[in-house]
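Both backbone and side-chain heavy atoms feed into the values below; hydrogens, waters and symmetry mates do not.
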Amino acid sequence: IDCIQMGGQCLLEAVGSEIDAILDPVLSRAVVKRGRTAMIIKIGGEEVDYDPKFQLYLQSKLPNPHYRPEISAQCTIINFIVTPEGLEDQILAM
């Protein structure tokens with residue numbers, strides 16, 4: 001939560017094929033503006049100050065991760081692992 005408030009970067013490692021629902025407001029950038037400059041995001045029922053410089057990185061060890069369509073639409077997915085199985089899945093998905 002500190003990195004959200006201070007505008008830092010946050011890296012979540014070894015994310016599985018399902019992403020916890022508590023991250024939905026962060027992924028969808030459900031930010032509410034209060035006053036002229038204050039920005040608030042609600043995480044787990046708690047209102048937290050939000051800095052627009054905040055960046056979230058999710059790292060997965062899955063060879064070809066498949067996430068819900070909503071997650072794929074809200075994030076940029078980059079696959080750094082090149083395996084024959086992963087390439088085959090990507091080619092067959094076209």
* Donor + acceptor pair across side chains of Gln55, Tyr57 (<3.5 Å) -> yes
* Sequence neighbours left out, what passes side-chain hydrogen bond (donor to acceptor under 3.5 Å, both in side chains) with Gln5? Give chain and number order. => none
Side-chain donor-acceptor distances from residues 38-50 under 3.5 Å, at least two apart:
unit_1: Glu47; atom_1: OE1; unit_2: Arg34; atom_2: NH1; d: 3.1
unit_1: Glu47; atom_1: OE1; unit_2: Arg34; atom_2: NH2; d: 3.4
unit_1: Glu47; atom_1: OE2; unit_2: Arg34; atom_2: NH2; d: 2.9

* Smallest separation among heavy atoms of Cys3 and Gln9, with atom names ->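 Reported closest heavy-atom pair: CB-O, 4.1 Å.
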* Side chain to side chain, Ile71 and Ile77, heavy atoms closer than 4.5 Å -> no
* Asked: Quick one: salt bridge (Lys or Arg N to Asp or Glu O under 4.0 Å) pairs with a partner in residues 62-71, sequence neighbours left out?
  -> Asp24-Arg68, Arg68-Glu70
* Going from CZ on Phe54 to SG on Cys10, what distance comes out if it is rounded to the nearest 0.5 angstrom? -> 5.5 Å
* Asked: Can you tell me how far the OH atom of Tyr67 sits from the CG atom of Leu58, to the nearest 0.5 Å?
  ->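 CG of Leu58 is found 7.0 Å from OH of Tyr67.
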Let me have the donor-acceptor pairs involving side chains of residues 11-19, under 3.5 Å, with sequence neighbours excluded, atom names and distances please.
none

